[in-house]
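Single-structure report; data block below.
One-based numbering, in listed order, for ligands and for the atoms of each. Start at 1 with the first residue, then count along the sequence. Note that the structure is a prediction, hence the values are computed from the model and not measured.
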Amino acid sequence: MKVLPLAFESLGVRSQATLIETSDTRILVDPAVSLAPRRYGLPPHKLEVEKLMELSKVIYNAAKDADVIVVTHYHYDHHDPGFVIPKEIYKNKQVFVKDPNSFINVSQSKVRAPKFMRAINGLPSSLQPADGKEFKLGNTKLKFSKPVLHGADEKMGYVIQVSISDGGETVMITSDIEGGPRDMHIKFTQEVKPNTLIIDGPLTYMLGYALTEETLNSALDNMEKMMKEGLDTMIVDHHLVRDQNYRQVIDKLKRQVGEIGGRIMTAAEFLQVEENPLEARRRELFKESNEPAKLPRGVAELLKGGG
Ligand SMILES: [Zn+2]
Ligand SMILES: [Zn+2]
């Protein structure tokens, strides 16, 4: 099975977009990109917007050959109703989405999910809520978790986790669980026993604000447990890599896990390309060249909507 991270914080934007290719099916998960509207009190830098446009084209091109598209929840870094990536990517695809009518918070159920459904109306060959369901497509098995919390509490709503199996191999994407601080977050991993896991990591850049020390420690403990379930590779990226000090957190996790053989790495490391965490480096980017971005219209609208 091929795992191709397309857009992630370590590649320069807010996203978890990934293409998974099994022996007979191409599955695109969360085809969207976004940026922090403000970080360190600063707007997006010119380089960030250039990267956003570049990676949105990468996703657009990957979508052409995809058979299936998965949307794990209705935040703009996971789905795009047409701000930057043309909604035509959904045309003739089999689409599996987070159930927009249950286990969802108000902003996603009243605003974003309906807006998305209107945008892609009539395009997919099929569209269905996937929470807790299982599908067989040729040799490929797609399995979705029941809805789990977007982090430690209900404020940000719920997400579905996705597992893709072919032959004896399983790849799983946790979506936004903020490192998985609650027991419910590791249940699905224990059930599907993936070889490769893509996880977002804790929001350490908000430590002391949206993240408590206690929640951070339970997330790290749960990530350790997930590693010890027999993972070959854990790709930890997205939320964690918004923090300038993400490397220290990864090293701490590696120490906690010890010598059990699995790899822990960012998406950029996995792809063997240089890490380029532009948001975490925004202050430095402005020091190097003071160029706030001129936002193309779609990007301006996307950022007005928030994460
Ligand atoms: Zn989210
Ligand atoms: Zn996200």
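- The closest approach of H73 to the Zn ion (ligand 1), by N/O/S atoms, is made by NE2.
- Within the coordination shell of the Zn ion (ligand 2), defined by N, O or S atoms under 2.8 Å, H75 is absent.
- Ionic pairing of D131 and K98 is present here: one or more N-O contacts between side-chain nitrogen and carboxylate oxygen are shorter than 4.0 angstrom.
- Applying the side chain to side chain donor-acceptor pair (under 3.5 Å) test to every pair with at least one member in residues 181-199, sequence neighbours left out, gives these pairs: K143-E191.
- Between the NE2 atom of H238 and the OD2 atom of D77, the angle centred on the Zn ion (ligand 2) amounts to 90° when rounded to 10°.
- Between R247 and E275, at least one side-chain nitrogen of the basic residue sits less than 4.0 Å from a carboxylate oxygen of the acidic one, meeting the salt-bridge criterion.
- With respect to the Zn ion (ligand 2), D176 has OD2 as its nearest N, O or S atom.
- A heavy-atom distance below 4.5 Å is not found between the side chains of H45 and L278.
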